[in-house]
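Residue numbering restarts at 1 for every chain, and letters A, B, ... go by the order of the sequence lines. The shown structure was predicted, so the numbers you read here are calculated from the model rather than taken from an experiment.
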There are 2 protein chains.
Amino acid sequence: MTHDHEHEGEEHRQALLDKYMTERGLKTTRQRTLIMETFFQSGGHQSVEEVWARVRKTDTRVSVATVYRTMKLLAESGLAHARDFGDGQTRYEAALGRHHHDHLICTNCKKIIEFENDRIEALQDVVARRHGFKVNSHKMELYGLCRDCQRLS
Amino acid sequence: MTHDHEHEGEEHRQALLDKYMTERGLKTTRQRTLIMETFFQSGGHQSVEEVWARVRKTDTRVSVATVYRTMKLLAESGLAHARDFGDGQTRYEAALGRHHHDHLICTNCKKIIEFENDRIEALQDVVARRHGFKVNSHKMELYGLCRDCQRLS
DNA sequence: CTCAGTGCAAAGTCTTTGCACGATT
DNA sequence: AATCGTGCAAAGACTTTGCACTGAG
């Protein structure tokens, strides 16, 4: 159930990014390259602080501000999704070569499990249509205890 | 499509609240009473600032800090739900006498429409079970354009 | 009378921004 | 050379908290 296509989009990603940046006259800098590589290599749902921490292992001089700016850029370009799991910080997730999915979040150990369910997506469309809505995106999060944490409590 | 049972729980609410407060030695103050009444009379998804603004029409001396503290109390007692629609502030919604529901959010005019869908809820349970999760709560938000805003754009 | 609640301002988080300097195109 | 990007620190937005005073039980 892992996403085998997670890596196949690497050149595609680079191409899209190049296009996006050229189109708006953005520049490829040492910092941006490092931040993006770090982010895409790590996977998961990363906060800016987390990305920054990893980036600093390679280059201490990069500032948080730049990480904030670069992650926002990735989100705007569509290469990453910004998520808010209610813990007070924005988390980013790689976007390309992945199906849309939602999240199961363990309120105890903070583990995040991803899942896809086409039938739910279909029903969402039905609901939206019923209300005359044109849905662009959605989020669905189920909060509870994962298997391991149920056992312990 | 309005919720007729929205008002029937008023004494029930008071009873629950009294119980909750007595149990933990909390005191009934002028401010708390005013804040709660204001909140429950207004309905919708209110931010602390909004509640505060309304409260101040009656009593200018109430501080935001107290509204923050009181809304948190309401959420902890189960009389209100804290929601985060990604606009950077927590919004509160009356909880009692209402079915669980989810939200359609217009990204243009910020209108929020509530809906219920039992089939989606059922499918969520299936997904959770499949992953060994015991779900306590969930949220689902569909973002897009409402009928009116589609027409205008 | 005692302990919880309140107001106020200060402090905390996370995030954005203004500005002078530095780097890319 | 012309712009865009970066670092830094300051500023913002929202929320919490320490403290002395007030008030409910």
Side-chain angles (χ1 to χ4, degrees), chain A residues 14 17-39 45-53 55-56 58-77 80-93 110, chain B residues 14 17-39 45-53 55-56 58-77 80-93 110:
Chain A
Q14 197 55 57
L17 188 57
D18 286 349
K19 178 161 178 282
Y20 184 86
M21 299 191 69
T22 312
E23 273 176 5
R24 15 209 118 195
L26 303 178
K27 293 173 179 173
T28 303
T29 66
R30 174 175 51 83
Q31 292 91 328
R32 280 182 179 163
T33 306
L34 174 57
I35 293 168
M36 292 176 182
E37 280 177 354
T38 305
F39 171 67
H45 307 81
Q46 307 169 58
S47 68
V48 170
E49 287 290 327
E50 287 166 359
V51 176
W52 189 41
V55 164
R56 299 197 72 170
T58 305
D59 185 344
T60 328
R61 297 164 300 172
V62 178
S63 78
V64 221
T66 300
V67 181
Y68 271 103
R69 292 189 266 233
T70 304
M71 294 315 297
K72 178 165 277 188
L73 206 157
L74 278 178
E76 284 161 1
S77 73
H81 289 310
R83 307 255 167 187
D84 176 4
F85 294 124
D87 64 342
Q89 40 188 152
T90 303
R91 293 182 169 278
Y92 292 89
E93 167 175 58
K110 313 301 177 196
Chain B
Q14 197 56 57
L17 187 57
D18 286 350
K19 178 160 177 286
Y20 184 85
M21 298 190 70
T22 313
E23 275 176 4
R24 17 207 118 194
L26 304 178
K27 294 174 180 174
T28 303
T29 66
R30 174 176 50 84
Q31 292 91 328
R32 280 181 181 166
T33 306
L34 174 58
I35 293 168
M36 292 176 183
E37 280 177 354
T38 305
F39 170 67
H45 307 82
Q46 307 169 60
S47 68
V48 169
E49 287 291 325
E50 287 166 0
V51 176
W52 190 41
V55 163
R56 298 196 72 169
T58 305
D59 184 346
T60 329
R61 296 165 300 172
V62 178
S63 78
V64 223
T66 301
V67 181
Y68 271 104
R69 291 190 268 233
T70 304
M71 294 314 298
K72 180 165 276 190
L73 206 156
L74 278 178
E76 283 162 1
S77 74
H81 289 311
R83 294 249 134 97
D84 177 3
F85 294 124
D87 64 341
Q89 41 189 155
T90 304
R91 292 181 170 279
Y92 292 90
E93 167 175 58
K110 313 300 176 195

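- A:Thr33 places a side-chain N or O within 3.5 Å of a backbone atom of A:Thr29 that can act as its donor or acceptor partner.
- The side chain of A:Lys72 lies closest to C:dT16 when the candidates are C:dT16, D:dC14, D:dT6.
- Of the side-chain N and O atoms in B:Thr90, one or more sit less than 4.0 angstrom from OP1 or OP2 of D:dT15.
- Between the CE atom of B:Met21 and the P atom of C:dC3 there is a distance of 18 Å, given to the nearest Å.
- Following rounding to the nearest Å, A:Gln89 (CD) and C:dT13 (C1') show an atom-to-atom distance of 9 Å.
- Nearest nucleotide to the A:Gln31 side chain, out of C:dA9, D:dA9, D:dT6: D:dT6.
- For B:Met71 and C:dT6, the CE to P distance is 14 Å, given to the nearest whole Å.
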Its contact letters, B for base, S for sugar-phosphate only and - for none at protein heavy atoms under 4.0 Å, make nucleotides 19-25 of chain C read ----BBS
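- We find that CG of B:Leu34 is positioned 17 Å from C1' of D:dA24, with the value rounded to whole Å.
- Nucleic acid contact for A:Val64: none, since no nucleic acid atom lies under 4.0 Å from a heavy atom of the residue.
- Sequence order on DNA chain C of the closest nucleotides to B:Thr60 and B:Gly25 puts B:Gly25 first from the 5' end.
- At whole-Å resolution of the value, CG in B:Leu74 and P in C:dG5 are 13 Å apart.
- A heavy-atom distance below 4.5 Å is not found between the side chains of B:Tyr92 and B:Leu74.
- There is no side-chain donor-acceptor pair under 3.5 Å between B:Glu93 and B:His81.
- In this structure, B:Tyr68 does not reach the D:dT16 phosphate: none of its side-chain N or O atoms is under 4.0 Å from OP1 or OP2.
- Contact between the side-chain N/O atoms of A:Arg61 and the OP1/OP2 oxygens of D:dT6 is not found at any separation under 4.0 Å.
- In this entry the distance linking CZ of B:Phe85 with C1' of D:dC14 reads 17 Å, nearest Å.
- Straight-line distance from the CD atom of B:Glu76 to the P atom of C:dG5: 12 Å, rounded to whole Å.
- Using a 4.0 Å cut-off between charged side-chain N and carboxylate O, A:Glu23 and A:Lys19 make a salt bridge.
- Comparing B:Arg24 and B:Val67, the nucleotide of DNA chain C nearest to each residue sits closer to the 5' end for B:Arg24.
- A 4.5 Å side-chain heavy-atom check between B:Arg61 and B:Arg56 finds every atom pair outside the cut-off.
- Computed from coordinates, the A:Arg83 CZ to C:dC14 C1' distance equals 20 Å when rounded to whole Å.
- Residue-level contact check: A:Val62 touches the backbone only, with heavy atoms under 4.0 Å from sugar-phosphate atoms and none from bases.
- No donor-acceptor pair under 3.5 Å is formed between the side chain of B:Trp52 and the backbone N or O of B:Ala65.
- Figure legend: A:Arg83 and A:Phe85 shown without cation-pi pairing, the cationic atom not lying both under 6.0 angstrom from the six-membered ring centre and within 45 degrees of its axis.
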